[in-house]
Structure formats: C-alpha cells, structure tokens
Amino acid sequence: MPELPEVEVVRLGLAPAVTGAVVTAVDVFDERAITRHDRARGSFADRLLGRRMLAPKRRGKFLWIPLDDGEALLAHLGMTGQLLLRESWARPQDEPHVRVRVELTHPSLHELAVFFRDQRTFGSLALDELTAADAGDLVPGQVAHIARDPLDPLCDDSAFLVALTRKSSAIKRVLLDQRAISGIGNIYADEALWAARIHPEQPANTLSRAKAKLLLAEIRLVLAKALTEGGTSFDSQYVNVNGQAGYFAHSLNAYGREGAPCPRCGTPIVRVSFMNRSSHFCPRDQRLR
DNA sequence: TAACCATCCTGTTAGC
DNA sequence: TGCTAACAGGATGGTT
C-alpha cells in the first residue's frame, strides 16, 4: 500500500522525467480515476493539455506536480495506484488497469508517457488550485488540511505531542489521522508502535511525553529505513515508476506476521481487527496499560 | 467538537 | 469444478 516512503520513491522517480515537460496528450479511460477532479471547473483532459510541469512535490501520501499557472496535477495513489513512466509508443491496453495516460514532451529528453494504473480505483488524479498553507507553502486545496509528515523538516513535533495529550482515541487511530500527522498508513503504524512497545489501542492521552517522543522517533526511523529500501511491496501492487518492487517487506517486524515469533522476545505476533483493518502487535511487549 | 463508522473498489483466496 | 463470501485499507462524509 503506498504510504509515505512509497509515494516519495514515486516522486523521486518522476522528477527528472516530468520537470520542465509539456503535456501533449491526455487520455482518461476510466472516469473513476479522476473522482477528485472538480468537473465543474472544466474537463480534466482539456485543462491539462498544453501545460508545463514543474518539479513534483509531496505531503504525506499526496503527490502533486505544480503547473506553470498556479494549478497542480494532484495524485493520490489510494491502495493500488501506480504512476509509471513508459515510452510514448507504449500501448495502455497492453497492461491491466491503466486508467489515465498523459503524454509528455521534454526539452532535453525524448517523448514519454505517464500511465496511471490502479486496480482497486481508490486512487485518483485531479487538477487543483494551489493555495497558501502554513509557512507560506503552496499546496493543492485538497491537501491544505493535511498535516506535515515526520520527514518534513518543518514538521512541528511539539504540536503533534500536544495533540496527543488532547485525544482520548487509540494511538493507532491518531497515527492514521492525516490531520494529526501525515504519511503513516496501516503498515508503518504497526511497525512504529511495535518499535516503541506501545499497544495500538492505548489511548493517546495516556502516553507519557517521553513515550510519545520515543514513538515519533521510531516513526521517523521506520519511514526512513523503508525509504532507503525502496518501500514495501507484498505483490505487484506497489512498484516504483519503472515497475520495480521495494524490499522493505523483508524488514517488517509486526505487520503481516501473525503467528510468527516477535523478533525481540519470540512471543507469537497477534492480529486483531481494528478500524475495519488489521492491527499486528506483540502481546508481551505491547501491553495495554 | 470529538469520536467513530460505513462506504467506495477489485483481485485473491478460503470454504463449501 | 464452480460459486460465494471474506478480506485487504485510505480518505471522506455522515452519524452519534
């Protein structure tokens, strides 16, 4: 599932290919792939055609490519979305689930295409207006409410720690709330909580400040490590822009390891249902207090 | 206002 | 062999 490290890998892969490129053709094969796009403000394809792209940006799991006139091509990959670089002559019908094709011409590279593939159609593209957010950053309107992510140098640690003290919700629910801190999904929430020895259902406001700071540090460690390993791939549902899988799945300690021994103490990892998804944790190291 | 939950979607797998 | 149900989970809007 694309979380912060996976989206960042995609952003890094896209950057050299799209920065400075001009859109020469747009094909939308499935309207569900642009559900985030406000049709009242014009056709997605018509408005994107002819626009010049600037360097891609990211906040949390949202990725966008600013355009030369105050708007941006916004992308959220959802669960199975992929942005893939292809030769301009590659045929979308030769691979499954290609929902959108954007053809580009680049001042110094040859022509190429970006395919937006998405099996489960939870992802979406949109054209969105850039608006001023905190610290003067320009972000798409749909991203304005998303908190900075833990790898952002301007991430406000103290604001996050204070927010924890005001929430009675389970800590995992808070980690998954992109308004509190962004970029964390089910996989890295389980991994960071395992590393910090915190039960997923521990109320956020019962964590000591020291424990909360430890958790934030572990979140940063797990995200950074996943980034260096190219992200987490369980199957073909997460790949970089060249279609290559990441290696971080081999480094997981809790997520997806139900019944396997905890790498610290050997106790079998358990899986429980939580928020319509699964939580994995060590019942010995991560006790509800 | 905070907290929580249903909903969207499709490929895979388990169970019958 | 074929059918059905369960499952995976990010963001969001609605309800409590």
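Chain A is the first sequence line, chain B the second, and so forth, proteins listed ahead of strands; every chain is numbered from 1.
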J.: So, is A:Ser278 near the phosphate of C:dA8, with a side-chain N or O under 4.0 Å from OP1 or OP2?
T.: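 A:Ser278 to C:dA8 OP1/OP2: side-chain N or O found under 4.0 Å.
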
J.: Through what angle, rounded to 10 degrees, does the axis of the helix from B:dA2-C:dT16 to B:dC16-C:dG2 turn between its ends, using five pairs per end?
T.: 60°

J.: Go along nucleotides 10-16 of chain C 5' to 3' and tag each nucleotide: B for a protein heavy atom under 4.0 Å from its base, S when only backbone or sugar atoms are that close, - otherwise.
T.: BSS----

J.: Are A:Ser168 and B:dA3 close enough that a side-chain N or O sits under 4.0 Å from OP1 or OP2?
T.: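 The answer is yes; a side-chain N or O of A:Ser168 sits under 4.0 Å from OP1 or OP2.
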
J.: Closer than 4.0 Å, any side-chain N/O of A:Ser169 to the OP1 or OP2 of B:dC4?
T.: yes

J.: Are any of A:Arg99's side-chain N or O atoms less than 4.0 Å away from OP1 or OP2 of B:dC9?
T.: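 Checking B:dC9 against A:Arg99, no side-chain N or O comes under 4.0 Å of OP1 or OP2.
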
J.: Please determine whether a side-chain nitrogen of the Lys or Arg among A:Lys225 and A:Glu191 lies less than 4.0 Å from a carboxylate oxygen of the Asp or Glu.
T.: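 Salt bridge flag = no for A:Glu191 with A:Lys225.
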
J.: Can you tell me if A:Arg173 touches the phosphate of B:dC4, counting only side-chain N or O atoms and a distance under 4.0 Å to OP1 or OP2?
T.: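 It does, given that an N or O in the side chain of A:Arg173 lies less than 4.0 Å from OP1 or OP2 of B:dC4.
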
J.: Salt bridge or not for A:Asp137 and A:Arg148, using N-O below 4.0 Å?
T.: yes

J.: Under 4.0 angstrom, heavy atoms only, what part of the nucleic acid is A:Thr35 near: base, sugar-phosphate, or nothing?
T.: nothing

J.: Please determine if A:Arg86 and A:Asp94 form a salt bridge, counting it only when a charged side-chain N lies under 4.0 Å from a carboxylate O.
T.: no

J.: Under a 4.0 Å threshold between the charged nitrogen and the carboxylate oxygen, would A:Arg58 count as salt-bridged to A:Asp149?
T.: yes

